[in-house]
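A short worksheet on the structure shown next.
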Amino acid sequence: MTDRRRYTRIQRALLQWYAANARDLPWRRTRDPYAIWLSEIMLQQTRVPTAIPYYERFLKRFSTAAHLARARLDTILKLWEGLGYYSRARNLHQAAKEIVSRCHGRLPQTKDELLTLPGIGRYTAGAIASIAFGERTPLVDGNVERVLCRVFRIHGNPKNAAIKERLWKLAEDLLPEHEVGHFNQSLMELGSEICTPRNPRCDECPLANLCEANHHNEQDILPTRTAKKPLPSHVVVVGVIYRAGRILIDKRKPKGLLGGLWEFPGGKVQPGESLESALHREIREELDIEIEVGSEIAVVDHTYTHFHVEIHAFECKHLKGEPRPLACAALKWVRPSDLPRHAFPAANKKIIEILRVRRRH
DNA sequence: AATTCGGGGGT
DNA sequence: ACCCCAGAATT
């Protein structure tokens with residue numbers, strides 16, 4: 001069978017399967033490019049069920065790019081709270097501003113123009129262009145990568161640049177003349193629902209008889225994965241510092257880890273250092289104030305993408321000095337009941353929940 | 001080419 | 001525990 005003939009069969013099988021099996025997802029009920037853009041940003045490295053409630057809330061609050069452009073970043077981050085990869089929210093906001101200033105509030109309609117906006121890379125540009133505007137352009141996400149590695153029995157590491165290019169070329173060659181949006185989504189849908197990382201449901205797969213991995217019974221070893229190194233661990237200490245019934249929180253700098261989010265001040269415990277002396281040191285270095293360290297109110301274990309932390313939270317009293325934002329973007333004394341108005345990292349929310357429960361007793 | 005960026009659900 | 005998710009930006 002020629003490649004072209006095989007591609008045609010794959011196209012038909014996928015489009016037919018998709019027409020009958022596509023999940024009813026909120027962003028599939030709209031043709032609004034803004035809404036589709038928003039969904040694609042939220043779905044970056046994020047599972048569909050996780051993104052859905054965020055998408056609904058966000059779209060209700062900001063129904064157009066112009067509304068989004070006018071919003072404060074703090075408001076956007078609060079809506080993004082818990083979704084992770086917070087630079088997405090910052091880039092979304094910046095892109096909305098550019099869409100208003102450069103494009104009269106309307107999203108660019110081509111892949112190449114979309115690529116110029118912050119937060120939109122190769123995948124997302126292809127997704128918006130094909131799904132919202134019908135441009136005949138491919139996309140490769142984690143799902144498509146896995147499907148293609150199996151169907152075409154590609155043994156190389158898909159993280160390798162040459163393999164990546166091969167996958168994009170395949171995705172392009174596979175594109176049908178029409179219905180590219182549905183076709184691209186069908187590839188992702190298959191990867192998500194049938195051609196799963198483990199225990200793929202080959203017995204239900206519309207491509208089973210076209211799949212080389214299936215023929216060679218290699219669906220369980222493809223795509224080849226690389227061994228990951230163990231994550232480093234850190235011990236962190238933070239202070240819930242009270243003064244006149246209010247708690248001192250700081251806003252992290254705009255870029256980097258958890259950029260723009262609020263947190264309880266503190267920092268890493270150094271080797272050989274006690275928790276209490278580390279907390280005194282960090283508060284002195286970052287805020288230039290003196291505190292009294294009280295009892296430990298929480299220990300939170302949390303895993304980020306590339307390290308673990310064990311966070312010890314201590315109740316503290318402010319003793320002297322007006323806090324200065326030496327290592328952060330801003331400082332604020334807030335009533336405990338106002339903590340939920342601010343966007344906090346997930347690890348800090350566990351501490352906030354403990355404070356809330358204590359308050360009710 | 002590698003690393004940095006969150007958080008959670010499935011296994 | 002480990003894997004990976006509709007990846008992009010930075011180094």
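All figures in this text were calculated on a predicted structure; none of them were measured in a lab. Within every chain, numbering begins at 1; the chains are lettered A, B, ... in the order of the sequence lines, protein sequences first and strands thereafter.
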Whether A:R281 and A:E276 form a salt bridge (side-chain N of Lys/Arg under 4.0 Å from carboxylate O of Asp/Glu) is what I want to check.
no

So, is A:K229 close to the C:dC2 phosphate, meaning a side-chain N or O under 4.0 Å from OP1 or OP2?
no

Calculate the interatomic distance between A:I128 atom CD1 and C:dA8 atom P; express it in whole Å.
9 Å

So what's the dot-bracket for DNA chain B: Watson-Crick or G-U pairs under 3.5 Å, [ ] if a pair crosses, | if it pairs off-strand?
|||||.|||||

Phosphate-side-chain proximity, A:K228 and C:dC4, N/O vs OP1/OP2 below 4.0 Å:
yes

Sidechain N-carboxylate O distance under 4.0 Å for A:R201, A:E204
yes

Nearest-Å distance for atom pair CD/P, residues A:Q94 and C:dT10
12 Å

What contact category does A:W80 fall into here, base, sugar-phosphate, or nothing, at under 4.0 angstrom with non-hydrogen atoms?
nothing

Pairwise P distance for B:dT11 and C:dA6, with rounding to whole Å
13 Å

Distance, rounded to the nearest Å, where A:K164 contributes NZ and B:dA1 contributes P:
11 Å

Strictly below 4.0 Å, N to O, side chains only: are A:R341 and A:D338 in salt-bridge contact?
yes

Whichever of A:P345 and A:A162 has the more 5' nearest nucleotide on DNA chain B, that residue is A:A162

Is any side-chain nitrogen or oxygen of A:H306 closer than 4.0 Å to OP1 or OP2 of B:dC5?
yes

Does a donor on one side chain sit under 3.5 Å from an acceptor on the other, for A:E218 and A:H155?
yes

Rounded to whole angstroms, how far apart are CG on A:N143 and P on C:dC4?
12 Å

Among B:dT11, C:dC5, C:dA9, which nucleotide sits nearest the side chain of A:N199?
B:dT11

Assert: residue with more 5' nearest nucleotide on DNA chain B, out of A:A347 and A:A161, is A:A161

Could you point out which residue of A:K111, A:Q44, A:E40 forms a side-chain hydrogen bond (donor to acceptor under 3.5 Å, both in side chains) with A:T124?
A:Q44

Between A:Q45 and C:dG7, does any side-chain N or O lie under 4.0 Å from OP1 or OP2?
yes

Base, sugar-phosphate alone, or nothing: which one does A:T46 contact when heavy atoms must sit under 4.0 Å apart?
base

Taking the six-membered ring where the residue is Trp, are the ring centres of A:Y304 and A:H306 under 6.0 Å apart?
no

At under 4.0 Å between heavy atoms, what does A:V144 touch on the DNA or RNA strands: base, sugar-phosphate, or nothing?
nothing

Of the listed C:dA6, B:dC5, B:dG7, the closest approach to the A:Y85 side chain comes from B:dC5

Would you indicate which nucleotide in C:dC4, C:dA8, B:dG8 comes nearest to any side-chain atom of A:A346?
B:dG8

Rounded distance (Å) that lies between atom P of B:dT4 and atom CG of A:L231:
11 Å

Nearest-angstrom distance from the residue atom CD1 of A:I120 to C1' of C:dA6
14 Å

I want to check one thing: is the phosphate of C:dC4, taken as OP1 and OP2, less than 4.0 Å away from some side-chain N or O of A:R225?
yes

Partner of A:F344 under ring pair (Phe, Tyr, Trp, His ring centres under 6.0 Å), chosen from A:W262, A:Y86, A:W80, A:F264
A:F264

Any salt bridge linking A:E286 with A:R324? Criterion: basic side-chain nitrogen under 4.0 Å from a carboxylate oxygen.
no

Side chain of A:Q44 only, heavy atoms from C-beta on: which candidate in C:dG7, C:dA6, C:dC3 is closest?
C:dG7

Between A:D24 and A:R29, does at least one N-O distance fall below 4.0 Å, as a salt bridge requires?
yes

May I ask you to decide whether A:K320 forms a salt bridge with A:E292, counting only side-chain N to carboxylate O separations under 4.0 Å?
no

Hey, does A:R90 reach any base, or is it just sugar-phosphate, or nothing, if we go heavy atoms under 4.0 Å?
nothing

Does anything in residues 188-198 of chain A reach DNA chain C, meaning a heavy atom under 4.0 Å, and if so which residues?
A:M188, A:P197, A:R198

Reckon A:Y304 touches a base, only the sugar-phosphate, or nothing at all at heavy-atom distances under 4.0 Å?
sugar-phosphate

Got a donor-acceptor pair under 3.5 Å from the side chain of A:R47 to the base of C:dC4?
yes

B:dT3 P sits how many Å from A:K159 NZ, rounded?
14 Å

Quick note, A:P118 side chain, CB onward, closest among C:dA6, C:dA9, C:dC5 is C:dA9

With C1' as the reference atom in both, quote the distance from B:dC5 to C:dC4 in angstrom, rounded to an integer.
15 Å

Length of the CZ-P vector between A:R28 and C:dA6, whole Å
11 Å

Pair A:K60 + A:E56: basic N to acidic O under 4.0 Å:
no

A:T124 has its side chain closest, among C:dA8, B:dC5, C:dA6, to C:dA8

Has A:R88 got a side-chain N or O lying under 4.0 Å from the OP1 or OP2 atom of C:dA9?
no

Centroid-centroid distance, A:H318 to A:Y242, less than 6.0 Å:
no

